[in-house]
Amino acid sequence: MIDMLNAEMITGFQEHLLHWYRKNHRDLPWRRTSNPYYIWVSEVMLQQTQVDTVIPYYEEFISRFPTMHELARAPQEEVLKRWEGLGYYSRARNLQSGVQEVVEKYNAKVPENKKDLLSVKGVGPYTAGAILSIAYQKPEPAVDGNVMRVLSRIFLIDEDITKVKTRQTFETILYDLIPEMEASAFNQALMEIGALICKPKGPICEECPLAHLCRSKAEGTQLHYPVKKKKMKPKDEAFVAVVLKDTQEKLLIQKRPEKGLLANFWEFPLLEMSDTQEDPLKVVKSYFNKKNHDLIIEWTKSEQTVTHTFSHLKWHVNIVVGTLREGTLNLGKMSQWISEKALKEYPFPVPQQKVMSIVGIDY
DNA sequence: CAGGCGTGGAG
DNA sequence: TCTCCAAGCCT
């Protein structure tokens, strides 16, 4: 398929790439260690997340959970707290259960073979390849978005990179390209080129060590690659966030379900609205009336609305503040009253933090 | 396979 | 303000 892959070309590819990497790579915290657990943590954090965002989270996470044992026995609440703001929180839950698996099943030794590694929760083809190559020096491919962008431009590969099949195409090519003895530097170099040189919008081909091999550069078609199917627009959803205080200034919060969006995070009770036009105050009153007719609550509607866009959803959150004067709310175990000061101990996702900021809660 | 799953930065 | 993007994995 790739007719350019003769021995001479392969050697040239490796030499130029590695030479550039030795000279130009960034000094990143996870590049100062070969501890497989640390490499693992960094790779999970880096999934769909930029390096600059990850650095402080990585430092704090490692300092709080310096070994797999400490992460394994920590309360999930605290793990989520350390992940707060990073997004894709299933990564945190899966990382912890993956680490628990490794502690119990493999005596706290991260597996060195691909089969066992891939069976660990939260470890997919990319992360397995990254750990095997970077921590264990094994010549395994680690194909992420950077690698696909770089290689698709060099070899004019026009398959849709959102498809699994396409990732496998790149892995096949890489088994021929990866130098037996320098898989770690090679894989990281390919990603570093993608991040610093072969950028999505403005590739800096003048500085690229592989420019002389790059077929899209020769054609001037760099920006046609990689080929990627367009994403759908986020769907609109409307809610009311109920910020309810009791007479002792305590706030009502509830825990989200253990599966799905923002799983296990805390929030001010969110009521679904049928459409954006509905009156939030009306929705709230009817909800609490139905629950308990003896409640006396003073309601104030905030003029402001929080909007928050996820990968696939756009939330419109109306805010209603209330004070419970009389009556008792029947609370399930997913709800509780807590002081404003205690809020800091609980993990809250960004849309809820926006609500706090609007109603003047210090978090 | 397609769709669910966050957030912040860049243009 | 909006679009696209960033070291993907799970179901």
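Owing to the predicted nature of the structure, the values given are computational and were not obtained by experimental measurement. Throughout, a chain's letter reflects where its sequence line sits, starting with A, and its residues are numbered from 1.
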Exercise. Please tell me which of the listed nucleotides, dG4(B), dC9(C), dA6(C), lies nearest to the side chain of His312(A)?
Key: dG4(B)

Practice problem: Indicate whether OP1 or OP2 belonging to dC9(C) is found under 4.0 Å from a side-chain N or O atom of Thr127(A). | Solution: yes

Quiz item: Just checking Leu262(A): base, sugar-phosphate only, or nothing, at a heavy-atom cut-off of under 4.0 Å?
Solution: sugar-phosphate

Self-check item: Glu78(A) bridged to Lys81(A) by N-O distance under 4.0 Å
Solution: no

Exercise. Answer yes or no: does a side-chain N or O of Arg149(A) lie under 4.0 Å from OP1 or OP2 of dC5(C)?
Key: no

Quiz item: Are OP1 or OP2 of dG8(C) and a side-chain N or O of Gln48(A) less than 4.0 angstrom apart?
Solution: yes

Quiz item: Expressed in angstrom and rounded to an integer, what is the separation of Leu80(A) atom CG from dT7(B) atom P?
Solution: 12 Å

Quiz item: Mapping Val164(A) and Tyr57(A) onto DNA chain B by nearest heavy atom, which one lands closer to the 5' end?
Solution: Val164(A)

Self-check item: Donor-acceptor pair under 3.5 Å, Thr49(A) side chain vs dG8(B) base
Solution: no

Quiz item: In terms of ring plane angle, is the pair Trp83(A) and Phe61(A) parallel, tilted or perpendicular, where the classes change at 30° and 60°?
Solution: perpendicular

Quiz item: dG6(B) C1' sits how many Å from Glu84(A) CD, rounded?
Solution: 13 Å

Practice problem: Among dG6(B), dC4(C), dG8(B), find the nucleotide with the atom closest to the side chain of Lys201(A). | Solution: dC4(C)

Quiz prompt | Distance, C1' atom - from dC5(C) to dG6(B), rounded to whole angstrom | solution = 13 Å

Practice problem: Using whole Å, report how far NZ of Lys165(A) lies from P of dC1(B). | Solution: 9 Å

Quiz item: Choosing from dA6(C), dT3(C), dC9(C), which nucleotide comes nearest the side chain of Lys233(A)?
Solution: dT3(C)

Quiz item: Between dT7(B), dG8(B), dG6(B), which one does the side chain of Pro351(A) approach most closely?
Solution: dT7(B)

Self-check item: Given dC5(C), dT3(C), dC5(B), the nucleotide with the shortest approach to the side chain of Ser311(A)
Solution: dC5(B)

Quiz prompt | Mutual orientation of the aromatic rings belonging to Tyr346(A) and Phe348(A) [parallel < 30°, tilted 30-60°, perpendicular > 60°] | solution = tilted

Quiz item: Looking at the side chain of Lys163(A), which of dC5(B), dC1(B), dG8(B) is the nearest nucleotide?
Solution: dC1(B)

Quiz item: Taking for each residue the nucleotide of DNA chain C bearing the nearest heavy atom, is the 5' side occupied by Glu43(A) or by Lys259(A)?
Solution: Glu43(A)

Self-check item: Value in whole Å for how far the C1' atom of dG6(B) lies from CD of Gln50(A)
Solution: 13 Å

Practice problem: For the pair Glu258(A) and Lys255(A), find out whether any cationic side-chain nitrogen is under 4.0 Å from an anionic carboxylate oxygen. | Solution: no

Practice problem: Could you check which of dC9(C), dC5(B), dG8(B) has an atom nearest any side-chain atom of Val350(A)? | Solution: dG8(B)

Quiz item: Can you check the Trp83(A) CH2 to dC5(B) P distance for me, whole Å?
Solution: 18 Å

Quiz item: So what does Thr53(A) touch, heavy atoms closer than 4.0 Å: a base, only the sugar-phosphate, or nothing?
Solution: nothing

Quiz item: What distance, rounded to whole Å, do you find between the two P atoms, one in dC5(B) and one in dA6(C)?
Solution: 23 Å

Quiz item: Does Lys121(A) pair with Glu101(A) as a salt bridge, N-O distance under 4.0 Å?
Solution: no

Self-check item: Nucleotide dG6(B), atom C1' - distance to CZ of Phe265(A) in whole Å
Solution: 9 Å

Exercise. Please work out if Gly87(A) contacts a base, only the sugar-phosphate, or nothing of the nucleic acid, heavy-atom cut-off 4.0 Å.
Key: base

Quiz item: Between dT7(B), dG8(C), dC5(C), which nucleotide gets closest to the side-chain atoms of Pro349(A)?
Solution: dT7(B)

Exercise. Indicate, with a heavy-atom threshold strictly under 4.0 Å, whether Ile131(A) touches base, sugar-phosphate, or nothing.
Key: nothing

Practice problem: Please lay out, stage by stage, how Asp160(A) and Lys165(A) fare under the test salt bridge (charged side-chain N to carboxylate O under 4.0 Å, His left out). | Solution: CA-CA 9 Å; Asp160(A) 180 355; Lys165(A) 180 87 161 36; over 6 Å; no

Quiz prompt | Side chain of His308(A) - closest among dG6(B), dT7(B), dC10(C) | solution = dT7(B)

Quiz prompt | Under-4.0 Å side-chain N/O to phosphate OP1/OP2 contact, Lys199(A) with dG9(B) | solution = no

Exercise. Provide, to the nearest angstrom, the distance between the CZ atom belonging to Arg167(A) and the P atom belonging to dC10(C).
Key: 11 Å

Quiz item: Quick one: Tyr89(A) OH to dC5(B) P, roughly how many Å, whole number?
Solution: 14 Å

Quiz item: Where the side chain of Lys314(A) is concerned, which of dG8(C), dT7(B), dC2(C) is the nearest nucleotide?
Solution: dC2(C)

